[in-house]
Protein chains: 2
Amino acid sequence: MAATRNTTDAEEPTARQQAVLDAVLSLMVEEGDRLTMTAVARRASCSKETLYKWFGDRDGLLAATVRWQAARVRAGRYDSPTLDIATLRDSLKGFAATWLAVISSPTSIALNRLAIGHAASRKSNLGGIVLENGRFAIGERFRPVLEAGRDAGLLAFEDSETAFRTFFGLVGRDVQIRLLLGDALTLAPDEIERDAAQATDQFLALYGQAEPSTKVLSARQA
Amino acid sequence: MAATRNTTDAEEPTARQQAVLDAVLSLMVEEGDRLTMTAVARRASCSKETLYKWFGDRDGLLAATVRWQAARVRAGRYDSPTLDIATLRDSLKGFAATWLAVISSPTSIALNRLAIGHAASRKSNLGGIVLENGRFAIGERFRPVLEAGRDAGLLAFEDSETAFRTFFGLVGRDVQIRLLLGDALTLAPDEIERDAAQATDQFLALYGQAEPSTKVLSARQA
DNA sequence: AAAATGCCGTACCGTACGTTACGGTTCGGC
DNA sequence: GCCGAACCGTAACGTACGGTACGGCATTTT
């Protein structure tokens, strides 16, 4: 209900158009707010007239950019949710690490800032598109993993959505809001791995079926 | 390090100025992006010249508004962290419920959207002010509660900051980002109570010293 | 070869908004 | 009753930016 447009109602952009959208992304990361149509045209070496012909108006360009970036992020796959605890843990940890890497990337930060600023106005919900391709998309891909874990007797929960929201909170904590507000928080790859592992252990301590006492202890450390 | 200005470097605004800042807040909630100086002057029944004399420029007005709202939210007190488990649980749950109520309030949403949009530009970090008075302020007030719990042998953790960040994640989950992006998520007071209780139980299951097996089970349900 | 199409670069228009300036009004002090 | 300060309401200015129009060049089509 949060998004009115799905992600497939527009055909794939041409190579030249993809170059334009990449220019928008780079400009967004570098200049943040100063994302002006003139600047996009200059960066992409195209005319404003072309921008308007291809994307309709500024909001259309931004929406196309969001979808373009979403298609790129959606690359990761997480099938084969096999049945032993080690594999499940790896799947969870992989999810967590991927998600942390995404939300801490400059592109994601700039994109979310833009969408949030847009949500303040009314028109053309970029926020809905971002939600649909970010938070909700990952939840949708996460559900089969959780339910396979439950079917294998490794996890116990009533509602997979609720369980996922807990995992989401354990993984993200205050990272996204701090980055969005401009905090100079940096996440090195090894930190991401460590935080992902901790969140996974904590999640398994809460929802795992196996004897969790040792997991609880290990989950207590940073 | 996230904020360059503290919250006490400006004297208390006069009653008339507070009325102006309240006008800014109400306008922010209603109009979102369309927060124009002319609109503020009209809403507050004052002249633009007065706005500029009192607050310097638009950013000064916004910064004063953020500080004014922060001073209002900071009202809640959480002392007397006594030593039994029931009181500790109540303190945690009270914290969680207050925080959920804050981040889901229209004022907080509008304020954070504004600050995040501002963080995209460079000048005058509203984001830092919001962080300092929101996320970091509550963490600072939370620390004594956690450490009292540890001193009483009820909690086990090495770093109180890390423990708090876990609690933060368990409480907030995806609520704030969804609301900021415009999702039509509503939190009724009884839902807040329930979610706060669940997050508290989950946190105690992870960090509590007492036998956690029953807590783990109760924390599994939504 | 000529016409057409697609696109770049740039100049231009209209508007929204931050900021300033100014005339008129209220009010406390003498 | 008068003065000056503070403040309201509004008009005016400058700029930034979304959107449009147009001339020129290259590639394709007929």
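Naming: A, B, ... by sequence-line order, numbering from 1 per chain. Keep in mind that the numbers below use all heavy atoms, side chains included, and drop hydrogens, waters and symmetry copies. What you see is a predicted model; the values in this text were computed from it and never measured.
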Do the side-chain N and O atoms of B:D33 and A:H118 include a donor-acceptor pair separated by under 3.5 angstrom?
->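 No donor-acceptor contact under 3.5 Å links the two side chains.
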Is a side-chain donor-acceptor pair under 3.5 Å present for A:S160 with A:R143?
->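 Result is yes, a qualifying pair exists.
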d([atom1], [X]; [atom2], [N]) in whole Å:
X: B:M37; N: D:dA12; atom1: CE; atom2: P; result: 21 Å
X: A:R43; N: C:dG9; atom1: CZ; atom2: P; result: 14 Å
X: B:D57; N: C:dC17; atom1: CG; atom2: P; result: 17 Å
X: B:L51; N: D:dT10; atom1: CG; atom2: P; result: 15 Å
X: B:E31; N: C:dA16; atom1: CD; atom2: P; result: 15 Å
X: A:L61; N: D:dG19; atom1: CG; atom2: C1'; result: 13 Å
X: A:R34; N: D:dG18; atom1: CZ; atom2: P; result: 13 Å
X: A:D59; N: D:dG18; atom1: CG; atom2: P; result: 10 Å

B:S45 near the nucleic acid: base, sugar-phosphate alone, or nothing, with a heavy-atom cut-off under 4.0 Å?
-> sugar-phosphate
Which is true for A:R42 with a 4.0 Å heavy-atom rule: it touches a base, it touches only sugar-phosphate, or it touches nothing?
->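 Nothing: the residue A:R42, judged by heavy atoms under 4.0 Å, touches no strand.
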Can you check side-chain hydrogen bond (donor to acceptor under 3.5 Å, both in side chains) on A:S108 and A:S105, steps first, answer last?
-> CA-CA 5 Å; A:S108 162; A:S105 70; 4.5 Å; no
Establish, yes or no, whether a centroid distance under 6.0 Å links the rings of B:F167 and B:Y207.
-> no
Measure from the side chain of [X], starting at C-beta and using heavy atoms only, and say which of [options] lies closest.
X: B:W54; options: D:dC8, C:dG18, D:dC7; answer: D:dC7
X: A:C46; options: D:dC8, C:dT19, C:dC8; answer: C:dC8
X: B:R58; options: C:dC7, C:dT19, D:dG18; answer: C:dT19

Which value, rounded to the nearest 0.5 Å, describes the distance between B:L179 atom CG and B:R113 atom CZ?
-> 8.0 Å
Applying the salt bridge (charged side-chain N to carboxylate O under 4.0 Å, His left out) test to A:D22, which of A:R16, A:R72, A:R43 qualifies?
-> A:R72
Under 4.0 Å between a side-chain N or O of B:T50 and OP1 or OP2 of D:dC8?
->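 Answer yes for this pair, as a side-chain N or O of B:T50 is under 4.0 Å from OP1 or OP2.
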When every nucleotide of nucleotides 21-26 of chain D is labelled 5' to 3' by its protein contacts under 4.0 Å (heavy atoms), B for base, S for sugar-phosphate only, - for none, what sequence of letters results?
-> -B----
Geometric cation-pi criterion, B:R135 with B:F168: 6.0 Å, 45° =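 Yes, a cation-pi geometry.
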